[in-house]
Amino acid sequence: MPELPEVETVRRTLAPILGARVTGVSAHRVALHMGRRIDPAALRRASAGAVVDRVDRWGKYLLWYFAGRDTGVLVHLGMTGRLRVVPPGAPRDPHTHAVWTLADGRTVRFSDPRRFGLVDVFGRGAERAHPSLAPLGIDALDGPLTGRALARLAAGSGQAIKALLLDQRKIAGIGNIYACEALWRARIAPALPARELDGERAGRLARAVRAALRAALDHGGTSLRDFVNAAGNPGSYRDHLRIYGRAGRRCPRRGCRGTIVRTAIQGRATFHCPTCQAT
DNA sequence: CTGGTGACCTGCGGGC
DNA sequence: TGCCCGCAGGTCACCA
């Protein structure tokens with residue numbers, strides 16, 4: 001589900017809880033990604049009784065801040081995670097692992113069937129001390145991800161350019177869909193060794209990354225199956241994807257007669273047009 | 001150090 | 001109808 005545009009869409013649709021007071025937190029000590037368990041007591045210490053004063057995003061991570069607290073709450077949606085604000089009495093999604101109750105009766109609920117997500121606490125002002133945030137590279141949207149920055153990241157690397165785009169330590173926020181979409185926009189083959197990215201291609205790719213993410217954000221993200229924003233609504237960018245999931249179809253680029261193919265890079269489905277993304 | 005593979009989970013859609 | 005298989009937006013441990 002959630003790459004940068006989806007996570008940013010969740011962040012924006014959490015605006016209705018800014019200024020609200022958390023009156024209670026209930027969570028299960030369920031094992032999420034890599035066996036890391038939710039710590040209900042730590043969540044309660046961080047947020048119970050406090051007013052939500054900000055929600056930020058770093059790459060694909062959401063960070064909640066609470067007025068007067070030196071600890072915040074960190075959320076990653078993994079593949080199937082949802083963070084929703086629901087009215088009192090609303091039916092709960094299956095696999096709901098944490099629930100924050102607000103003073104007016106609304107609740108914020110984290111659900112995640114596959115449990116690849118993360119809910120944890122972090123120190124306010126010490127975000128980089130959290131092991132999940134420490135290694136993150138520049139944000140793909142807030143970067144600045146310039147051609148020069150991209151060229152520097154790619155210098156000397158033999159890995160496929162698509163693998164580099166997916167490496168959160170280099171650039172934070174790009175996932176499988178938008179890596180494919182950005183490379184198509186930039187007319188660059190996903191398997192191109194990163195070191196072969198010259199200055200001109202690097203500039204094109206940096207612009208393409210930003211354009212692909214912006215376009216998706218303008219449509220509230222892509223919902224393939226699970227994604228909904230904090231208000232419970234899916235994104236509509238799936239209808240506008242140019243290349244992802246479209247193997248066998250004609251390349252949508254004006255003037256290109258190529259056919260989209262599906263390959264694998266690092267085990268991930270990869271879509272590109274061999275005609276206009278030849279190198 | 002680098003880069004590639006598989007594991008972690010649940011659920012869904014397609015083929016038989 | 002029902003079963004089995006492959007596949008899914010992500011990350012991380014482990015291997016060569």
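Residue numbering restarts at 1 for every chain, and letters A, B, ... go by the order of the sequence lines.
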>> Rounded to whole Å, how long is the line connecting atom CG of A/Leu4 with atom C1' of C/dG10?
In response: 14 Å
> Listed by chain and number, what are the salt bridge (Lys or Arg N to Asp or Glu O under 4.0 Å) partners of A/Asp104, not counting sequence neighbours?
Replying inline: A/Arg106
> Do the ring centers of A/Phe227 and A/Tyr237 come within less than 6.0 Å of each other?
Replying inline: no
>> Over all strands shown, is A/Ala163 touching base, sugar-phosphate only, or nothing at heavy-atom distances under 4.0 angstrom?
In response: nothing
> Strictly by modelled atom types, are A/Asp120 and A/His130 linked by a side-chain donor-acceptor pair under 3.5 Å?
Replying inline: yes
>> Looking at B/dG3, I'd like to know if its phosphate oxygens (OP1 or OP2) sit under 4.0 Å from a side-chain N or O belonging to A/Ser157.
In response: yes
> Which part of the nucleic acid, if any, lies within reach of A/Gly221 when heavy atoms closer than 4.0 Å are counted: base, sugar-phosphate only, or nothing?
Replying inline: nothing
> How does DNA chain B look in dot-bracket notation if pairs are Watson-Crick or G-U with both distances under 3.5 Å, crossing ones as [ ], other-strand ones as |?
Replying inline: .|||||||.|||||||
> Can a side chain N or O of A/His33 be found less than 4.0 Å away from OP1 or OP2 on C/dC12?
Replying inline: no
>> Can you pull out every side chain to side chain donor-acceptor pair (under 3.5 Å) where at least one residue sits in residues 249-272 of chain A? Sequence neighbours excluded, please.
In response: A/Lys162-A/Thr270
> Does the side chain of A/Arg92 come under 3.5 Å of the side chain of A/Thr107 through a donor N or O and an acceptor N or O?
Replying inline: no
> Taking only residues at least two apart or on different chains, which pairs with a member in residues 128-150 of chain A satisfy salt bridge (charged side-chain N to carboxylate O under 4.0 Å, His left out)?
Replying inline: A/Arg57-A/Asp139, A/Arg57-A/Asp142
>> Using OP1 and OP2 only, check whether a side-chain N or O of A/Gln168 sits under 4.0 Å from C/dT11.
In response: yes
> Are a donor atom and an acceptor atom from the side chains of A/Asn229 and A/Thr9 found within less than 3.5 Å of each other?
Replying inline: no
With the criterion being N/O to N/O and under 3.5 Å, what pairs connect the protein with nucleotides 9-11 of chain B, and how long is each?
| unit_1 | atom_1 | unit_2 | atom_2 | d |
| --- | --- | --- | --- | --- |
| B/dC9 | O3' | A/Arg115 | NH2 | 3.0 |
| B/dC9 | O2 | A/Arg114 | NE | 2.6 |
| B/dC9 | N3 | A/Arg114 | NH2 | 3.2 |
| B/dT10 | OP1 | A/Arg115 | NH2 | 2.9 |
| B/dT10 | O3' | A/His95 | NE2 | 3.3 |
| B/dG11 | OP1 | A/His95 | NE2 | 2.7 |

> Using a cut-off of 4.0 Å on non-hydrogen atoms, how would the nucleic acid contact of A/Gly175 be classed: base, sugar-phosphate, or nothing?
Replying inline: sugar-phosphate
> Rounding to a whole Å, what distance do you find between A/Gln266:CD and B/dG4:P?
Replying inline: 6 Å
> Mind checking the P distance from C/dC3 to B/dC9? Whole angstroms is fine.
Replying inline: 24 Å
> Between B/dG4, C/dA8, C/dC12, which one does the side chain of A/Gln159 approach most closely?
Replying inline: B/dG4
>> Nearest whole Å is fine: how far is B/dA7 P from A/Arg268 CZ?
In response: 16 Å
Compile the donor-acceptor pairs under 3.5 Å between side chains in residues 202-221 of chain A and protein atoms, sequence neighbours left out, one pair per line.
| unit_1 | atom_1 | unit_2 | atom_2 | d |
| --- | --- | --- | --- | --- |
| A/Arg204 | NE | A/Ala186 | O | 3.0 |
| A/Arg204 | NH1 | A/Glu200 | OE2 | 3.1 |
| A/Arg204 | NH2 | A/Ala186 | O | 3.0 |
| A/Arg210 | NH1 | A/Leu145 | O | 2.5 |
| A/His219 | ND1 | A/Ala215 | O | 3.0 |
| A/His219 | NE2 | A/His240 | NE2 | 3.4 |

> Any side-chain donor-acceptor pair under 3.5 Å between A/Ser47 and A/Trp100?
Replying inline: yes
> Looking across every strand, which nucleic acid part, if any, lies under 4.0 Å from A/Arg262 by heavy atom: base, sugar-phosphate, or nothing?
Replying inline: sugar-phosphate
>> Once you apply a heavy-atom cut-off of 4.0 Å, does A/Tyr244 come out as touching a base, just sugar-phosphate, or nothing?
In response: sugar-phosphate
